[in-house]
Amino acid sequence: MSARVEIKGLTKIFARQGADDTMLVLNNVSADIAPGEFVTLLGASGCGKSTLLRVIAGLEVPTKGDAFFDGERISGTSPKRGLVFQEHTLFAWLTVRGNIEFTLKATKQYKERKGEIDGWLSLAGLSEFAGNYPHQLSGGMRQRAALIRALAVSPDVLLLDEPLGALDSFTRMNLQDEIIRLWRERGNTMIMVTHDIDEAIYLSGRIMIMSPRPGRIAKTVDVPQGYPRNRAAADFTALRSEILKFMDFAYEVPQDYTI
Ligand SMILES: Nc1ncnc2c1ncn2[C@@H]1O[C@H](COP(=O)(O)OP(=O)(O)O)[C@@H](O)[C@H]1O
Ligand SMILES: [Mg+2]
């Protein structure tokens, strides 16, 4: 199951803590994300990516404008919109299996879906670790557990807020493949926040580049390549250069440059 997410003229202003003035974080952001699409929000730290994702999750109320889920205005959270954070948020006092069970119970899907738990554990390579507590897992395993816990309730939209940000680059690359596999198998809509250009190109069909604060969508880049993608391919690196240039991080090496 998947769903359409629309954002229309979204503006978010925060009150600054301990001050009288306010801060414009998102300025008139609009986007239309089709059912089953994989979109990344790419931008520097502080540009409002998490705020935008939290509005879609229903955790923040827009100052102006609205977000819609299959045509319905979003107000409050819903198990149809799952959220995974950068730091895993597993319950420390529950095992991996216990974490999934708890989430299914909390969303009243336990009876219907308890038979799927073993499948999820196996899909994430965690069958042998189902009885482990979070502190008994590696960082990558914890993040995998958080991912399947979010997917187990079968959200139509999965919102990923830099879910791989805290991992070493090898674990990260493996988990990127896992995310693609899970997405292709489930077909849900994916909206992922990242500040990693390669991650955005490797995973998504469309990259929304956000400007520094106040955040707005400065450019949308389509990634035409099929999956799996090759990070070393010429069209991949060409796209990386294009994005770096747009974000003003690319520089020309002078002709007479020698070491
Ligand atoms: N609840 C809040 N109250 C006040 N300011 C906030 C709140 N949430 C985020 N901000 C501010 O909004 C800006 C954007 O934050 P965020 O959306 O987390 O950016 P990003 O995820 O792109 O790093 C930051 O300057 C942050 O301090
Ligand atoms: Mg953030």
Side-chain angles (χ1 to χ4, degrees), residues 5-31 33 38-69 74-77 81-90 139-140 142-143 146-147 149-150 155 157-169 171-172 175-176 179 189-204 206-221 240 243-244 246-249:
V5 173
E6 285 163 289
I7 296 146
K8 290 186 185 165
L10 194 99
T11 295
K12 181 73 189 177
I13 298 170
F14 281 118
R16 273 192 216 255
Q17 239 178 5
D20 289 338
D21 63 337
T22 55
M23 181 167 59
L24 177 62
V25 172
L26 293 172
N27 188 15
N28 197 21
V29 174
S30 294
I33 298 158
F38 197 140
V39 161
T40 44
L41 297 169
L42 176 68
S45 181
C47 74
K49 303 181 298 294
S50 295
T51 304
L52 181 53
L53 211 66
R54 288 167 59 81
V55 168
I56 300 169
L59 292 165
E60 293 283 0
V61 180
T63 308
K64 234 171 89 182
D66 273 309
F68 297 88
F69 173 87
I74 292 169
S75 63
T77 59
R81 284 171 274 124
L83 185 58
V84 180
F85 298 96
Q86 172 170 10
E87 295 298 333
H88 80 89
T89 43
L90 298 174
R142 282 199 288 263
Q143 214 49 311
L147 268 174
R149 187 183 60 172
V157 177
L158 191 60
L159 306 167
L160 302 159
D161 195 351
E162 307 204 31
L164 312 179
L167 304 172
D168 69 89
S169 62
T171 308
R172 188 174 179 139
L175 275 189
Q176 287 169 351
I179 288 175
T189 310
M190 305 283 263
I191 307 176
M192 178 166 173
V193 161
T194 183
H195 57 247
D196 182 328
I197 296 175
D198 277 45
E199 182 162 275
I201 302 173
Y202 192 72
L203 292 175
S204 62
R206 196 150 57 106
I207 304 170
M208 295 185 185
I209 304 175
M210 291 180 65
S211 65
R213 210 178 68 224
R216 49 182 189 82
I217 294 167
K219 186 184 173 75
T220 297
V221 178
R240 180 197 293 132
I243 293 172
L244 279 168
F246 178 79
M247 296 179 89
D248 222 9
F249 287 111

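FYI, side chains are in, hydrogens and waters are out, and symmetry mates aren't considered; it's all heavy atoms of this structure. Quantities reported herein were computed from a predicted structural model and do not represent experimental measurements. Residues: numbered from 1 along the sequence shown. Atoms within a ligand are numbered from 1 in the order they appear, just like the ligands themselves.
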Report yes if the side chains of [X] and [Y] come closer than 4.5 Å at any heavy-atom pair, otherwise no.
X	Y	result
Arg172	Asp198	no
Ile179	Met190	yes
Ile243	Ile201	yes

message: Less than 4.0 Å is my threshold; does some heavy atom of Glu162 fall inside it relative to ligand 1?
response: no
query: Does Gly43 come within less than 4.0 Å of ligand 1, judged by its heavy atoms?
result: no
query: Does Gly46 reach ligand 1 with a nitrogen or oxygen that is under 3.5 Å from one of the ligand's nitrogen or oxygen atoms?
result: yes
- prompt: So is Ala15 polar-close to ligand 1, meaning N/O to N/O under 3.5 Å?
  reply: no
query: What pairs with Asp168 under salt bridge (Lys or Arg N to Asp or Glu O under 4.0 Å), at least two apart in sequence or on another chain?
result: none
With sequence neighbours excluded, residues passing ring pair (Phe, Tyr, Trp, His ring centres under 6.0 Å) with Phe85: none
Exercise answer: donor-acceptor pairs, residues 44-59 side-chain atoms, under 3.5 Å, sequence neighbours excluded:
from  : atom 1 : to     : atom 2 : distance (Å)
Lys49 : NZ     : Gly43  : O      : 2.9
Lys49 : NZ     : Ala44  : O      : 2.9
Ser50 : OG     : Asp161 : OD1    : 3.3
Ser50 : OG     : Asp161 : OD2    : 2.7
Arg54 : NE     : Glu60  : OE2    : 3.4

Would you mind listing which atoms of ligand 1 come within a distance below 4.0 Å of any non-hydrogen atom of [X]?
X	value
Arg213	25 (O)
Met23	11 (C), 12 (O), 25 (O)
Val25	12 (O), 13 (C), 14 (C)

Closest protein heavy atom (residue, atom, distance) for [atom]:
atom	value
atom 19 (O) of ligand 1	Gly48 N, 3.2 Å
atom 18 (O) of ligand 1	Ser50 CB, 3.6 Å
atom 9 (C) of ligand 1	Phe14 CE1, 3.5 Å

field: Thr51 and ligand 1 - part of the residue with a heavy-atom distance under 4.0 Å
entry: both
- request: Report the part of Arg54 (side chain from C-beta onward, or backbone N, CA, C, O) that has a heavy atom under 4.0 Å from ligand 1; answer both or neither where that applies.
  value: neither
- line: Heavy-atom closest pair (Ile33 atom, Met208 atom, distance to 0.1 Å) is CG1-CE, 4.0 Å
message: Regarding Asp66 and Lys8, does a basic nitrogen lie under 4.0 Å from an acidic carboxylate oxygen?
response: no
field: In the protein, N/O/S atoms that are found under 2.8 Å from the Mg ion (ligand 2), waters not counted
entry: Ser50 OG
